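The shown structure was predicted, so the numbers you read here are calculated from the model rather than taken from an experiment. We number each residue from 1, following the sequence as shown.
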Amino acid sequence: MPEGPEIRRAADQLEKAIVGKPLIDVWFAFPELKPWESGLLGEQVTAIETRGKALLTHFSTGQTLYSHNQLYGVWRVVPSGTVPETQRILRVRLGAADKTILLYSASDIEMLDADTLAAHPFLQRVGPDVLDASLTVERVKARLLSPRFCRRQFSGLLLDQAFLAGLGNYLRVEILWQAQLLPQHKAQTLTEAQLDILSEALLAVPRHSYQMRGTMKHYHHGAAFRFEVFHRQGKACRRCGEIIQKGSLSSRPFYWCPGCQF
């Protein structure tokens, strides 16, 4: 399943294709969205925002299209007037003169105004997005130590979108390796130094994954980002030389190094 960096890169492509261009084609599959079609013609998409794995398509009318890909949803960019060959079911089509963006297979789609956007249950529940440039290491550390999260094992906490939006399984694996921690730990049992390292990794790993477009090398040196443990079972840890292990955690595959994660 795509995680925050992949969702944000997809949103970047959608923004490049459609933002600021008059809409000449607006189509929604769901009957409750049909009344919005005519009113959006001639208007523009002003921005496409990510909140974890949800996308918010903001229009010049003040409306916002909320969509969550869940397991099967996917956005595509195509030249306007073309119809891709696919077995997927089209849900949304937003077209400008040159490019059209298409949403397939998603079922969680709503049109919101400022009030319903602020009150949306998913958006109220979700935590700050790890790719939000205004989110600081200090705020992440404060969330780790808050009464709500400090007693949670990292195995579940790092998959909980209410803690930080945009994290997922490969990021959980890589963050814990970077912080040299096992998933059974809780924030309340860590030293100050461990908390600082984990707080930094919670932002640095996903942000580097996004910036480097999924290429893989160590993020401290500004080069490409590479997996250190994810999908590397049976190989030597690049930090300590021990053999990386694979197991299952929270119903997801988990990878770790027994030599340097404690």
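Around the CZ atom of R238, the shell of radius 6.0 Å holds more than 12 heavy atoms that belong to other residues, nucleotides or ligands. By the neighbour-count criterion of 12 heavy atoms within 6.0 Å, atom CD1 of I89 is sparsely surrounded, having that number or fewer from other residues, nucleotides or ligands. Counting heavy-atom neighbours within 6.0 Å of K34 NZ, excluding the residue itself, gives a total above 12. In F30, the CZ atom is crowded: over 12 heavy atoms of neighbouring residues, nucleotides or ligands sit closer than 6.0 Å.
The CG atom of L41 sits 7.5 Å away from atom CG of D25, with the distance rounded to the nearest 0.5 Å. Between the CG atom of L171 and the CG atom of L176 there is a distance of 10.5 Å, given to the nearest 0.5 Å. Atom CZ of residue F154 and atom CZ of residue R152 lie 11.0 Å apart, to the nearest 0.5 angstrom. With values rounded to the nearest 0.5 angstrom, S60 atom OG is found 5.5 Å from Q44 atom CD. Distance check: Y210 OH to D12 CG gives 3.5 Å after rounding to the nearest 0.5 Å. A distance of 10.0 Å separates CD in Q261 from CD in Q178, rounded to the nearest 0.5 Å.
No donor-acceptor distance shorter than 3.5 angstrom exists from the side chain of Q194 to the backbone of A179, with no hydrogens or angles considered. R9 places no side-chain N or O within 3.5 Å of a backbone atom of Q13 that could act as its donor or acceptor partner. Not one N or O on the side chain of H68 forms a donor-acceptor pair closer than 3.5 Å with the backbone of G73. Looking at K235, its side chain never comes within 3.5 Å of a backbone N or O of H231 through a donor-acceptor pair. E15 places a side-chain N or O within 3.5 Å of a backbone atom of I48 that can act as its donor or acceptor partner. For the pair T116 (side chain) and L112 (backbone), a donor-acceptor distance under 3.5 Å is absent.
Between A96 and S80, the shortest heavy-atom contact is O-OG, 2.7 Å. For the pair I7 and G52, the tightest heavy-atom approach, listed with the atom from each and the gap, is CG2-O, 3.8 Å. Closest of all the heavy-atom pairs between R143 and A162 is NH2-O, 2.8 Å. The minimum heavy-atom distance linking E3 with N169 is given by the pair OE2-N, 3.0 Å. Between R76 and L14, the shortest heavy-atom contact is O-CD2, 4.4 Å. Contact between S250 and S155 at its shortest, heavy atoms only, is OG-O, 3.5 Å.
Hydrophobic clustering of Ile, Leu, Val, Met, Phe, Trp and Tyr side chains at less than 4.5 Å, counting indirect connections, keeps Y72 apart from V74. Note on L65 and V77: same hydrophobic cluster, where clusters join Ile, Leu, Val, Met, Phe, Trp and Tyr whose side-chain heavy atoms are under 4.5 Å apart, directly or indirectly. Y66 and V26 are assigned to two separate hydrophobic clusters, defined by single-linkage of ILVMFWY side chains at heavy-atom distances under 4.5 Å. In terms of hydrophobic clustering, with Ile, Leu, Val, Met, Phe, Trp and Tyr side chains grouped at heavy-atom distances under 4.5 Å, L198 and V140 are assigned to a common cluster. The hydrophobic cluster containing L181 also contains V205, counting ILVMFWY residues as joined when their side-chain heavy atoms lie under 4.5 angstrom apart, directly or transitively.
Using a 4.5 Å heavy-atom cutoff, the side chains of R139 and D132 are not in contact. Between F59 and L23 there is a side-chain heavy-atom pair separated by less than 4.5 Å. Side chains of W75 and L55 form a contact here, defined as non-hydrogen atoms less than 4.5 Å apart. The shortest side-chain heavy-atom distance between I175 and L167 falls under the 4.5 Å cut-off. Side-chain contact between V130 and P5: absent, with no pair of heavy atoms (C-beta onward) separated by less than 4.5 Å. By the 4.5 Å heavy-atom criterion applied to side chains, I109 and V92 are counted as neighbours. The closest side-chain heavy-atom distance from P84 to Y104 is below 4.5 Å. Side-chain contact between L157 and L144: present, with at least one pair of heavy atoms (C-beta onward) separated by less than 4.5 Å.
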The test is side chain to side chain contact (heavy atoms under 4.5 Å, CB included); show your working for N69 and L103 and say whether it passes.
CA-CA 9 Å; N69 285 5; L103 175 58; 4.0 Å; yes
Quick one: do W256 and V173 satisfy side chain to side chain contact (heavy atoms under 4.5 Å, CB included)? Show the steps, please.
CA-CA 7 Å; W256 78 100; V173 166; over 6 Å; no
Residue pair L203, T136: steps toward the side chain to side chain contact (heavy atoms under 4.5 Å, CB included) verdict:
CA-CA 8 Å; L203 292 186; T136 63; 5.6 Å; no
After noting the C-alpha distance and the side-chain angles of W27 and L90, does the key distance pass the side chain to side chain contact (heavy atoms under 4.5 Å, CB included) rule?
CA-CA 10 Å; W27 181 88; L90 184 63; 3.7 Å; yes
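Taking the six-membered ring where tryptophan is involved, the planes of F163 and F149 are perpendicular, since the angle between them exceeds 60° and thus also 30°. Ring geometry for F122 against H120 counts as perpendicular: the plane angle is over 60°, on a 0 to 90° scale with 30° as the lower cut.
We find that D129 and R8 are not joined by a salt bridge, their nearest charged nitrogen and carboxylate oxygen being 4.0 Å or further apart. Salt bridge status for E6 with K53: absent, with no side-chain N to carboxylate O gap under 4.0 Å.
The salt bridge (charged side-chain N to carboxylate O under 4.0 Å, His left out) pairs that include a residue from residues 172-192 are K141-E192, where partners are two or more places apart or lie in different chains. A salt bridge (charged side-chain N to carboxylate O under 4.0 Å, His left out) check over residues 104-114, counting only residues at least two apart or in different chains, returns nothing.
Remark: T82 engages V78, P79 in a side-chain contact (heavy atoms from CB on, under 4.5 Å) (not counting sequence neighbours).
Stacking of R239 on the aromatic ring of W177 is recorded, both the 6.0 Å distance cut-off and the 45° axial limit being met.
Side-chain contact of Y170 with S209: a donor-acceptor pair under 3.5 Å is present, judged by distance alone.
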